[in-house]
Amino acid sequence: MIGRLFRIFFFFALAALIINRLFSRRQKRALHDIAKISAWVLLGAAAATLFWYLVMLYFKHIPDSY
């Protein structure tokens, strides 16, 4: 598990190094904006999913045993 996390971190660091070296300032700013919007969208989806799960749990639509 730790090795998998290190591998993911390594690939992100490698991608960041490549982006830092090859892209211009304007391209990096555009990528930053895309990443920020994507993070907000994923956070909203996670919050909506959690809210829906809690509503279903409140109304007992989720069985006790999975």
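Keep in mind that the numbers below use all heavy atoms, side chains included, and drop hydrogens, waters and symmetry copies.
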Ignoring hydrogens, what is the shortest heavy-atom contact between N20 and K28? Give both atom names and the distance.
OD1-NZ, 3.1 Å
Quick one: which residue pairs count as a side chain to side chain donor-acceptor pair (under 3.5 Å) with a foot in residues 34-50, not counting sequence neighbours?
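Residue pairs passing side chain to side chain donor-acceptor pair (under 3.5 Å), neighbours aside: none found.
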Does [X] belong to the same Ile/Leu/Val/Met/Phe/Trp/Tyr cluster as [Y], with side-chain heavy atoms less than 4.5 Å apart forming each link?
| X | Y | result |
| --- | --- | --- |
| F10 | I8 | no |
| W52 | F59 | yes |
| I37 | L42 | no |

Side chain to side chain donor-acceptor pair (under 3.5 Å) with D33: which residues, sequence neighbours excluded?
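D33 satisfies side chain to side chain donor-acceptor pair (under 3.5 Å) with no residue once adjacent residues are dropped.
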Holding to side-chain contact (heavy atoms from CB on, under 4.5 Å), I want the full list of residues that pass it with I18, two or more places apart in sequence or in another chain.
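Scan of I18 (side-chain contact (heavy atoms from CB on, under 4.5 Å), adjacent residues dropped) gives L14, L22.
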Rounding to 0.5 Å, atoms CZ (F12) and CD1 (I19) come to a distance of 10.0 Å
Nearest-0.5 Å distance that lies between atom CZ in F23 and atom CZ in R29
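Here the interatomic distance stands at 15.0 Å.
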